[in-house]
Protein chains: 2
Amino acid sequence: MAPTSEPLTAARILEATEEVLRRHGPAKATVVDVARALGVSHGSVYRHFRTKAALREAVTERWLDRTSASLSGIVAEDGDPEARLRTWFTTLFEAKRHKAGDDPELFATYMVLIGEHSAVVDRHIADLTGQLTTIVEDGVRRGVFASASPAVTARAVFDATGRFHDPCYVRDWEQPGIDDEFEAVVGLVLRGLRV
Amino acid sequence: MAPTSEPLTAARILEATEEVLRRHGPAKATVVDVARALGVSHGSVYRHFRTKAALREAVTERWLDRTSASLSGIVAEDGDPEARLRTWFTTLFEAKRHKAGDDPELFATYMVLIGEHSAVVDRHIADLTGQLTTIVEDGVRRGVFASASPAVTARAVFDATGRFHDPCYVRDWEQPGIDDEFEAVVGLVLRGLRV
DNA sequence: CAGCTGACAAATATTGAAATCTGTCACCTG
DNA sequence: CAGGTGACAGATTTCAATATTTGTCAGCTG
């Protein structure tokens with residue numbers, strides 16, 4: 001399209017790759033498509049990313065990092081830890097549900113990418129449980145949460161709410177009654193957390 | 001194989017279908033294979049099951065029902081509800097983990113079947129949460145559990161422990177540390193359940 | 001000479017013709 | 001005549017030929 005203009009950067013390639021994935025889906029998005037979208041030869045793309053897998057992995061990481069970033073603000077706040085925990089999960093659930101509901105095809109695309117790059121997902125989960133650990137530690141410090149090991153507890157809290165953030169449950173997120181189920185699980189977990 | 005002998009019953013067809021699925025996997029198990037294993041024509045199989053899907057559904061249901069049955073004993077016991085709940089989940093997790101670990105291919109086969117027959121799975125989940133509801137009600141009656149609605153609470157407890165019984169997490173079940181994570185989640189949930 | 005190109009070999013995906021399977025049903029047979 | 005058969009049409013799967021894609025690299029170009 002654009003014959004030549006700005007210098008070819010990793011960021012521009014990632015942007016174009018996201019667009020190609022959105023348009024063609026994970027199965028038909030090729031490196032040649034990405035290069036064409038940028039008006040360069042596919043050899044140039046390989047100058048910035050060693051393999052197609054590395055390129056897709058970078059796109060996946062960027063996508064997951066956007067979610068982490070939007071939650072980190074809640075961790076930084078200084079209010080009631082229980083309320084912050086509740087807000088954190090509500091925000092996460094809402095964000096995932098909207099991503100999945102607003103553009104199911106794109107979400108399905110990212111689910112494929114996530115399946116391809118488990119190391120990135122592991123890092124992302126470590127990131128999120130790290131945020132939870134901070135909130136749990138804060139709660140313990142203030143004497144509102146009981147936990148011998150905040151990191152272990154944070155992980156347990158994360159695992160217990162999996163139904164409301166793990167993509168393997170996407171289908172359930174549109175089901176009626178899911179909000180009540182969310183409240184029930186979060187309520188149960190928060191009760192278990194209190195001193 | 002066996003030219004003719006006992007009368008052809010639904011039970012014998014289900015048995016043979018399980019065997020064919022075990023041998024050939026879900027993709028290559030055909031109705032003709034099942035008929036051949038029984039020494040009959042495939043038309044006879046269609047006399048007992050309207051479609052291939054119905055046959056596979058029946059096999060799936062039988063498989064899931066075996067799990068439910070093995071847990072119902074724990075529900076019927078009359079000990080400490082908290083201990084029973086713990087035993088119930090430990091038994092479920094152990095059973096699933098062994099099924100998955102001992103014969104991964106067969107487990108993968110059943111995962112495919114489960115994906116094909118969500119109505120059967122829904123029934124199975126209703127069955128299991130029903131068992132949990134009985135234990136929770138018992139705990140409330142004895143004054144050890146707090147719950148405004150045992151059915152809702154039971155469902156929340158079931159959802160919160162999904163990581164240790166939902167097949168979408170099979171991979172995690174072999175990971176080191178999974179037992180600690182199980183303990184952490186079950187501990188958290190039981191704390192949340194206590195008065 | 002840094003950055004890009006495009007021809008190329010090997011790996012992977014697509015395609016369409018042939019083979020197999022599903023589900024039906026008129027007709028056997030003990 | 002209850003229970004079973006097997007030929008059949010349409011749907012689905014397989015397989016091998018064909019086309020595309022990935023990843024490399026010698027060489028072009030601004």
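Just so it is clear: chains get the letters A, B, ... in the order the sequence lines come, proteins before strands, and each one is counted from 1. All values below come from the heavy atoms of this structure, side chains included, with hydrogens, waters and symmetry mates left out. Keep in mind the model is a prediction, meaning the values are calculated, not measured.
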Measure from [atom1] on [X] to [atom2] on [N] and round the result to the nearest Å.
| X | N | atom1 | atom2 | value |
| --- | --- | --- | --- | --- |
| A:Leu38 | C:dG3 | CG | P | 17 Å |
| A:Ile13 | D:dG23 | CD1 | C1' | 15 Å |
| B:Arg36 | D:dG4 | CZ | C1' | 18 Å |
| B:Tyr46 | D:dG3 | OH | C1' | 18 Å |
| A:Lys52 | D:dT20 | NZ | P | 16 Å |

Closest to the [X] side chain, choosing from [options]:
| X | options | answer |
| --- | --- | --- |
| A:Ser41 | C:dT5, D:dT22, C:dT22 | C:dT5 |
| A:Thr51 | D:dG23, C:dG23, D:dT5 | D:dG23 |
| B:Lys28 | D:dT14, C:dT14, D:dT5 | D:dT14 |
| A:Leu8 | C:dG23, C:dC4, D:dG6 | C:dC4 |
| B:His48 | C:dC4, D:dG4, D:dT24 | D:dG4 |

Taking only Lys NZ, Arg NE, NH1 and NH2, and the carboxylate oxygens of Asp or Glu, determine whether [X] and [Y] approach each other closer than 4.0 Å.
| X | Y | result |
| --- | --- | --- |
| A:Arg12 | A:Glu15 | no |
| A:Arg66 | A:Glu18 | yes |
| B:Asp127 | B:Arg123 | no |

If you assign each of B:Arg50 and B:Asp33 to its closest nucleotide in DNA chain C, which residue comes earlier from the 5' end?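 Result of the comparison: B:Asp33.
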Let's test your reading of the model: under 3.5 Å, does the base of C:dG3 pair with the side chain of A:Arg47 as donor and acceptor?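 No pair found.
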Base C:dG23 paired with B:His42 side chain (donor-acceptor, <3.5 Å):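 In this structure, the two groups form a donor-acceptor pair.
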Give a yes/no answer on whether the side chain of A:Ser44 brings an N or O atom under 4.0 Å of OP1 or OP2 in C:dT5.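 Yes, such a contact exists.
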Scan B:Val32 against the nucleic acid and name what it touches under 4.0 Å (heavy atoms): base, sugar-phosphate only, or nothing.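 Base, at least one base atom sits under 4.0 Å.
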Counting N and O atoms only, with roles assigned by atom type, does the side chain of B:Arg84 sit under 3.5 Å from a partner on the main chain of B:Glu77, one being a donor and the other an acceptor?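 Answer holds: yes.
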Tell me whether the centres of the aromatic rings in A:Phe93 and A:Phe182 are closer together than 6.0 Å.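 Distance test on ring centres: under 6.0 Å, yes.
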